[in-house]
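Okay, structure first, notes after.
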Amino acid sequence: MPTSGTTSLGHLVSRRAAGTTTSLDGTWRAIPDPYEIGTFNILGEENRAGWFRDVKPRHPADRVEYDFDTSLELRVPGDWNTQIPELHYYEGSLWYRRTLTIDDAEAGRTFVHFGAVNHSCRVWLDGEELGRHEGGFGPFAFEVTGRVGPGDHSLVLVVDAIRTPDRVPATRTDWFNFGGLHRSVDLVAVPDEFIAHAWITLAADGSLIGEVNVDGPQVDDGATASIEIAELAFSLEVPANERFHVAPADVPELDRWHPGRPRLYEVAFTAGEDRVVEQVGFRTVETRGTDILVNGEVVFLKGISLHAEGPSGGRRASGADDAATLLDWAEDLGANFLRLAHYQHDEAMVLEADRRGLLVWVELPVYWGIDWTNEGTLANTLQQTDELVLRDRCRSSVVLWSVANETFPGDDRTAFIGRLIERVRDLDPTRLVTAALFTLPGKGLETHIEDPLGELVDVIGVNQYYGWYYGDRDEIPSKRWSSVWGKPIIFSELGAGAKYGNHGDAGEMWTEEFQAAVYEAQIEMIAANDDCAGLSPWILKDFRTPMRVLPGIQDGFNRKGLVSEEGERKQAFGVLQRWYASLG
Ligand code: GCB
């Protein structure tokens, strides 16, 4: 189902003036449709009387074999799997319907905006198809101008979370495939000419760079936009839809945003009648040899990896409260860096990281088993790349774009990922590009990374599980890592499984003691590796995954969390916390 009919204005939804955005969150009606009978007739043809029409019988002889008004209720945002026990492992088609009542006559243009829908959807308003979207984690919108005048309206989606080899991610992942409308839905009103995207950021050389994208019928070649930072008495007139640069000498004196010392400025972007306001921090990020520098200072990334799973209940995370709790835990650990694995997380996470002064790695769902030679797969992944970068390139916290996790070397793989890297650099030349590489257990103590992907990225992510999947724990401290390119290495994953409250000998699998001992050995190794610029151990919290079935221990959860799925701290939390504290 290739994406069609979408536009994107996602990153600006929450930064528009009050009154221009109407939340469509809340209770929606839902009908699971495993046989897709709401879409197709028994011959497999599109059903013209499909459920998207959302009709009711008009007289007693009318036969209508569905009824949204009395069907299941689902909370949006939310996954369907953890709201209705029968839907726990359900991945097929599911219909959503919400009615909206509009009072005022429409002025300007209107969009319906989805924070993310996993995985594919078709969308109808009042029985007319708006378009389709594929990709479970990026924001997208459909224009509904002229269709939402005063009165009642029916918004219908059919969503599926089916795993197929040509999708991204593909068929197997070590995380739960939460389906549905798992992020917010909004109706957004904008003027005829409006700001679709706007960003400003500091490049490594100290220049300001950015762009204001204006969309509208009258936008001609000469259209301009303005940027104002009142606190700095700074204003700038720029051509719309073109990259602008402000030379370092013309950049006003400002306080830098720095990890642990966040400083945000209010930046207003104006084009015609439209205005959006962002809170922006200014900082540089670059590499020098095997170091990562923020604002010219070497920063060691004391990190932790996170899935987008809520702090309790093993459900998909969404919104500011979930973000606040997860980031509280990361800050208690002493982290200055988060790896938001393995796909784009809720925008609340990066906004909160901006406010708290945490550095962030964001990631595309290019994970195991991708169909590297499929053009459709590449096109969809490029679309997901746009959604990732366009939403977050104004965020000071975001310093690393990760384009892949654990992919196996091969020309097709490297060519595919090479295209993603080109697109990322084109959309944002200021941040660092990385990928988490798969490393096989080395025989000796030295591992020299040669995966050709290492040449294309700025920072090399290394997932390694010495002491858990392989290797002798006693040998870990003596291991040494380097790359052919002399680039910074981040240990993007390391860890061991432990069930909270399970105690025993450090040689006994699944005990907190075993996990803590692996962390101790890994810390000793990392401290002695000069090329290592940081780490994001796997993982903050136990998370749901159908891959992990061991009764009494895993019960459907990956147990490598430093806290349990309900937030109870295991011993390894303290081990890492003490080390991070000792690093200052
Ligand atoms: C990995 C994957 C991650 C898994 C983890 C594990 O290398 O990147 O998604 O959850 O290992 O626990 O095995």
Side-chain angles (χ1 to χ4, degrees), residues 11 197-213 224-270 276-301 336-337 350-351 353-362 389-401 421-422 424-434 457-459 486-488 490 533-534:
H11 66 305
H197 298 284
W199 61 292
I200 182 166
T201 199
L202 210 50
D205 66 357
S207 60
L208 281 173
I209 132 164
E211 204 167 317
V212 184
N213 298 102
T224 59
S226 68
I227 301 165
E228 197 185 350
I229 310 174
E231 230 183 307
L232 297 173
F234 175 78
S235 64
L236 187 67
E237 190 82 3
V238 298
N241 302 329
E242 270 177 43
R243 191 69 53 88
F244 67 79
H245 295 264
V246 178
D250 300 324
V251 174
E253 274 294 301
L254 47 79
D255 293 334
R256 293 281 179 99
W257 182 101
H258 200 74
R261 278 185 275 121
R263 173 67 163 97
L264 298 173
Y265 289 94
E266 190 171 287
V267 179
F269 299 93
T270 312
V276 292
V277 177
E278 280 272 15
Q279 303 296 323
V280 185
F282 297 97
R283 51 101 197 94
T284 60
V285 61
E286 64 199 303
T287 64
R288 191 197 298 142
T290 57
D291 289 325
I292 294 175
L293 280 68
V294 176
N295 296 324
E297 288 172 32
V298 176
V299 173
F300 185 74
L301 303 178
N336 63 8
F337 169 57
V350 286
L351 288 170
D354 268 14
R355 287 191 279 269
R356 294 181 187 220
L358 294 164
L359 298 166
V360 176
W361 149 322
V362 298
V389 179
L390 291 177
R391 196 194 72 180
D392 288 351
R393 64 185 169 167
C394 206
R395 301 276 70 80
S396 36
S397 54
V398 176
V399 286
L400 284 155
W401 305 115
I421 293 175
E422 260 172 40
V424 168
R425 292 214 170 103
D426 194 34
L427 293 171
D428 172 33
T430 72
R431 289 172 178 79
L432 305 174
V433 176
T434 190
V457 296
D458 302 304
V459 173
K487 294 182 180 177
I490 293 178

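The CG atom of D255 lies 11.5 Å from the CZ atom of F282; values are rounded to the nearest 0.5 Å. Note: I209 CD1 to R243 CZ = 5.0 Å, rounded to the nearest 0.5 Å. Note that SG of C394 and CD of Q279 are 10.0 Å apart. Values are rounded to the nearest 0.5 Å. In this structure, CG on N295 lies 4.5 Å from OG1 on T284, to the nearest 0.5 angstrom. Rounding to the nearest 0.5 Å gives a distance of 8.5 Å between CD of E211 and CG of L427. We find the CZ-NE2 distance between R393 and H197 to be 7.0 Å, quoted to the nearest 0.5 Å.
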| said: Run V433 and R425 through side-chain contact (heavy atoms from CB on, under 4.5 Å) and show every step you take. | reply: CA-CA 8 Å; V433 176; R425 292 214 170 103; 3.9 Å; yes

| request: Evaluate the side-chain contact (heavy atoms from CB on, under 4.5 Å) criterion for residues S397 and L358: first the C-alpha distance (whole Å), next the side-chain angles of each, then the deciding distance (0.1 Å), finally the verdict. | output: CA-CA 6 Å; S397 54; L358 294 164; 5.7 Å; no

| So R395 and V362, side-chain contact (heavy atoms from CB on, under 4.5 Å) or not? Walk me through it. | CA-CA 11 Å; R395 301 276 70 80; V362 298; over 6 Å; no

| field | Residue pair V350, R391: steps toward the side-chain contact (heavy atoms from CB on, under 4.5 Å) verdict | value | CA-CA 10 Å; V350 286; R391 196 194 72 180; 4.0 Å; yes

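L400 has its side chain within reach of I490: a pair of non-hydrogen atoms, C-beta onward, lies under 4.5 Å apart. Between K487 and T287, every side-chain heavy-atom pair lies at or beyond the 4.5 Å cut-off.
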Donor-acceptor contacts under 3.5 Å from residues 230-242 side chains, at least two apart:
residue: E231; atom: OE2; partner: R263; partner atom: NH2; Å: 2.7
residue: E237; atom: OE2; partner: T224; partner atom: OG1; Å: 3.1
residue: N241; atom: OD1; partner: V214; partner atom: N; Å: 2.7
residue: N241; atom: ND2; partner: V214; partner atom: O; Å: 3.2

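At least one donor-acceptor pair closer than 3.5 Å links the side chain of D205 to the backbone N or O of S207. A distance-only check finds a donor-acceptor pair linking the side chain of W257 to the backbone of D354 [under 3.5 Å]. Judged by distance alone, with hydrogens and angles left aside, the side-chain atoms of R283 form no donor-acceptor pair with the main-chain N or O of V294 at under 3.5 Å.
When every heavy atom of G534 is checked against every heavy atom of F300, the shortest pair comes out as N-CE1, 3.5 Å. Closest of all the heavy-atom pairs between S396 and L264 is OG-CD2, 4.0 Å. Of all heavy-atom pairs spanning F269 and I200, the tightest one is CZ-CG2, 3.9 Å. For L202 against V251, the heavy-atom pair with the smallest separation is CD1-CG1, 4.5 Å. Nearest heavy-atom pair across P488 and A533 is CB-CB, 3.8 Å.
Remark: R288 engages no residue in a salt bridge (charged side-chain N to carboxylate O under 4.0 Å, His left out) (not counting sequence neighbours). Partners of E286 by salt bridge (charged side-chain N to carboxylate O under 4.0 Å, His left out), not counting sequence neighbours: none found.
Exactly one of D458, T434, D428 qualifies for a side chain to side chain donor-acceptor pair (under 3.5 Å) with W401. That residue is D428.
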